[in-house]
K.L.:
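Structure in structure tokens, see below.
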Amino acid sequence: GETLDVAPGVRWLRMGLPFALDHINLWLLRDEQDGRAGWTVVDCGITTESTREAWEQVFASPELEGLPVLRVIVTHMHPDHVGGLMNGEQRAFPNATLHIDKKDVDFWLSKANMDAAPEGNKGFFQGAMASVNPYVAAGKLKTFEGNTDLLPGIRAQAANGHTPGHTVYTLESQGQKLALWGDLMHVAAVQFNDPSVTIAFDTDSKAARTQRERAFADAAKNGTLVGVTHVSFPGLGRLVKTADGKRYTWVPLNYMGLK
């Protein structure tokens with residue numbers, strides 16, 4: 001239930017997960033819409049009693065200044081990224097517009113796709129439907145297609161593979177750039193050493209591998225600051241290519257230098 005200021009206008013929040021990947025890094029971005037100040041939330045974790053309580057603590061904290069959530073932007077529609085959209089039967093962010101790539105929406109909200117999926121994967125569809133359909137019904141879902149200037153200073157970049165509409169969000173302000181990778185990678189100890197390693201939850205593992213290898217190479221070449229979902233605090237850092245040119249070293253941002 002505590003956020004930390006990790007970059008100008010960017011707050012970090014860690015939510016626990018009951019999986020082997022035991023947490024998710026979430027991001028709150030200072031925002032403004034039609035002259036109203038507020039926050040944009042990037043992904044929102046799962047929905048459990050403890051995470052709902054954590055969200056209540058977050059928005060009751062003085063650091064968020066009592067400002068509302070204006071928008072939620074989603075990297076992809078897996079349950080640890082969209083589950084927190086709901087608070088029981090109610091939308092957790094009732095006044096917020098929800099932004100998701102159309103490919104992900106079309107895939108995960110399709111009953112035909114769910115019916116055709118292996119039994120063990122049907123829960124992903126059911127969770128996506130339960131989380132997103134209430135926003136559709138309320139007229140609060142706004143889709144986009146591929147590479148899009150989504151909001152002032154925020155660009156959506158297609159990174160399809162982990163899911164059909166998986167998206168990376170790039171933030172640019174005052175000459176600084178931050179790329180929020182979503183689930184472009186999952187296991188730091190493995191995939192920084194070997195970006196070709198995929199995960200069973202990838203919808204298209206070959207495409208996911210290609211996107212990861214491309215993103216790693218680009219981030220290392222350009223020194224881009226990246227936000228990664230499933231690495232330890234602060235979840236922000238840079239990649240440096242090793243001398244053999246085949247692996248990468250993750251260099252976490254020095255949080256003490258941000259205070």
K.L.:
Hey, could you give me the CD1/CZ distance between Ile199 and Arg209, rounded to the nearest 0.5 Å?
P.N.:
15.5 Å

K.L.:
Can you check whether Gly165's main-chain N or O pairs, donor with acceptor, with Thr167's side chain at less than 3.5 Å?
P.N.:
yes

K.L.:
For Gly83 and Ser131, work out which heavy atoms get closest and say how close.
P.N.:
CA-OG, 3.6 Å

K.L.:
Could you tell me how the ring of His78 sits relative to the ring of Phe124: parallel (under 30°), tilted (30 to 60°) or perpendicular (over 60°)?
P.N.:
tilted

K.L.:
Can you confirm whether the side chains of His162 and Asp202 place a donor and an acceptor under 3.5 Å from each other?
P.N.:
yes

K.L.:
For residues Asn25 and Val228, report the shortest heavy-atom separation together with the two atoms involved.
P.N.:
ND2-O, 2.9 Å

K.L.:
Quick one: does any side-chain atom of Arg212 pair with a main-chain N or O of Val197 as donor and acceptor, under 3.5 Å?
P.N.:
yes

K.L.:
Considering non-hydrogen atoms only, spot the tightest contact between Phe125 and Ala117 and give its length.
P.N.:
CE1-CB, 3.6 Å

K.L.:
Looking at CZ of Arg238 and OG1 of Thr249, how far apart are the two atoms once the value is rounded to the nearest 0.5 Å?
P.N.:
15.0 Å

K.L.:
Please state whether the rings of His23 and His230 are parallel, tilted or perpendicular, taking 30° and 60° as the class boundaries.
P.N.:
perpendicular

K.L.:
Do Leu67 and Val69 belong together in a cluster built from hydrophobic side chains that touch within less than 4.5 Å?
P.N.:
yes

K.L.:
Determine the minimum heavy-atom distance between Ala207 and Gly161, stating which atoms define it.
P.N.:
CB-CA, 3.8 Å

K.L.:
How about Met129 and Gln126: do any of their side-chain heavy atoms sit closer than 4.5 Å?
P.N.:
no

K.L.:
Answer whether the closest heavy-atom distance between the side chains of Arg71 and His99 falls below 4.5 Å.
P.N.:
yes

K.L.:
Using 0.5 Å steps for rounding, measure from the CG atom of Leu151 to the CG atom of Leu29.
P.N.:
9.0 Å

K.L.:
May I ask you to check whether over 12 heavy atoms, not counting those of Lys122, lie within 6.0 Å of atom NZ?
P.N.:
yes

K.L.:
If you round to the nearest 0.5 Å, how far is CG of Leu184 from NE2 of His76?
P.N.:
10.5 Å

K.L.:
Quick check for you: to the nearest 0.5 Å, what is the distance between Asp115 atom CG and Lys111 atom NZ?
P.N.:
3.5 Å

K.L.:
Does some side-chain heavy atom of Leu178 sit less than 4.5 Å from a side-chain heavy atom of Leu236?
P.N.:
yes

K.L.:
Run the side-chain contact (heavy atoms from CB on, under 4.5 Å) check on Asp101 and Phe144 step by step: do they pass?
P.N.:
CA-CA 5 Å; Asp101 188 282; Phe144 57 90; 3.7 Å; yes

K.L.:
Taking the side chain as C-beta and beyond, is there a heavy-atom pair between Tyr135 and Met86 under 4.5 Å?
P.N.:
yes

K.L.:
Could you go step by step and tell me if Arg52 and Thr47 meet the side-chain contact (heavy atoms from CB on, under 4.5 Å) rule?
P.N.:
CA-CA 6 Å; Arg52 289 192 291 270; Thr47 181; 2.9 Å; yes

K.L.:
If Ile, Leu, Val, Met, Phe, Trp and Tyr residues are connected whenever their side-chain heavy atoms lie under 4.5 Å apart, and connections chain through other members, are Leu150 and Val168 in the same group?
P.N.:
no

K.L.:
Out of the candidates Val72, Ile73, Val105, only one should pair with Ile100 under the side chain to side chain contact (heavy atoms under 4.5 Å, CB included) rule; please name it.
P.N.:
Val105

K.L.:
Would you say the side chain of Thr163 lies within less than 4.5 Å of the side chain of Trp108, judging by non-hydrogen atoms?
P.N.:
yes

K.L.:
Let me confirm one number: the CG-CD distance from Leu64 to Gln57, rounded to the nearest 0.5 Å.
P.N.:
12.5 Å

K.L.:
Between Phe93 and Trp39, is the ring pair (Phe, Tyr, Trp, His ring centres under 6.0 Å) condition met? List the steps.
P.N.:
CA-CA 11 Å; Phe93 308 104; Trp39 298 93; over 10 Å; no

K.L.:
Counting only heavy atoms not in Lys103, do more than 12 sit closer than 6.0 Å to its NZ atom?
P.N.:
no

K.L.:
For a quick test of reading the model, state the closest non-hydrogen atom pair linking Ser205 to Thr198 and the distance between them.
P.N.:
O-CG2, 3.4 Å

K.L.:
Between the main-chain N or O of Phe107 and the side-chain N or O of Ser110, is there a donor-acceptor pair closer than 3.5 Å?
P.N.:
no

K.L.:
Could you give me the CA-CA distance, side-chain angles and deciding distance for Asn87 and Trp55, then say whether side-chain contact (heavy atoms from CB on, under 4.5 Å) is met?
P.N.:
CA-CA 10 Å; Asn87 186 349; Trp55 276 118; over 6 Å; no

K.L.:
Among side-chain atoms of Asp244 and Thr242, is any donor-acceptor pair under 3.5 angstrom?
P.N.:
yes

K.L.:
Any donor and acceptor pair, going by atom type alone, linking the side chain of Tyr169 with main-chain N or O of Val74 inside 3.5 Å?
P.N.:
yes

K.L.:
Let me see the working for Leu26 and Val41 under side-chain contact (heavy atoms from CB on, under 4.5 Å), right down to the final yes or no.
P.N.:
CA-CA 8 Å; Leu26 306 175; Val41 174; 5.7 Å; no

K.L.:
Please identify which of these residues, Leu180, Leu239, Thr170, Val231, meets the side chain to side chain contact (heavy atoms under 4.5 Å, CB included) condition with Val226.
P.N.:
Leu239

K.L.:
Does the Asn193 side chain pair with the main chain of Arg247, one donor and one acceptor, at a distance under 3.5 Å?
P.N.:
no

K.L.:
Do Leu28 and Leu70 share a hydrophobic cluster, counting only Ile, Leu, Val, Met, Phe, Trp and Tyr and linking them when any side-chain heavy atoms are less than 4.5 Å apart?
P.N.:
no

K.L.:
Can you name the nearest heavy-atom pair linking Val132 to Met77, along with the distance?
P.N.:
CG2-CE, 3.7 Å

K.L.:
Within the distance-only criterion (no hydrogens, no angle test), does the side chain of Gln191 pair as donor or acceptor with the backbone N or O of Val187 below 3.5 angstrom?
P.N.:
yes

K.L.:
Would you say His166 and Asp104 make side-chain contact, with heavy atoms under 4.5 Å?
P.N.:
no

K.L.:
Mind checking side chain to side chain donor-acceptor pair (under 3.5 Å) for Asp43 and listing every partner two or more places apart, or none if nothing turns up?
P.N.:
Thr75, His81

K.L.:
Is it possible for you to say whether Val136 and Met114 belong to one hydrophobic cluster, with membership spreading through side-chain heavy-atom contacts below 4.5 Å?
P.N.:
yes

K.L.:
Does any non-hydrogen side-chain atom of Asp5 lie less than 4.5 Å from one of Glu63?
P.N.:
no

K.L.:
Could you tell me which residues satisfy side chain to side chain donor-acceptor pair (under 3.5 Å) with Ser196, sequence neighbours excluded, listed by chain and number?
P.N.:
Asp194

K.L.:
Linking I/L/V/M/F/W/Y whenever their side-chain heavy atoms sit closer than 4.5 Å, directly or via other members, would Ile46 and Leu98 fall into one cluster?
P.N.:
yes

K.L.:
Does Asp218 reach the main-chain N or O of Arg214 with its side chain, forming a donor-acceptor pair under 3.5 Å?
P.N.:
no

K.L.:
State, yes or no, whether a side-chain contact exists between Val6 and Arg11 at a heavy-atom distance under 4.5 Å.
P.N.:
no

K.L.:
Check step by step if ring pair (Phe, Tyr, Trp, His ring centres under 6.0 Å) holds for Phe216 and Trp250.
P.N.:
CA-CA 10 Å; Phe216 279 19; Trp250 171 246; 9.0 Å; no

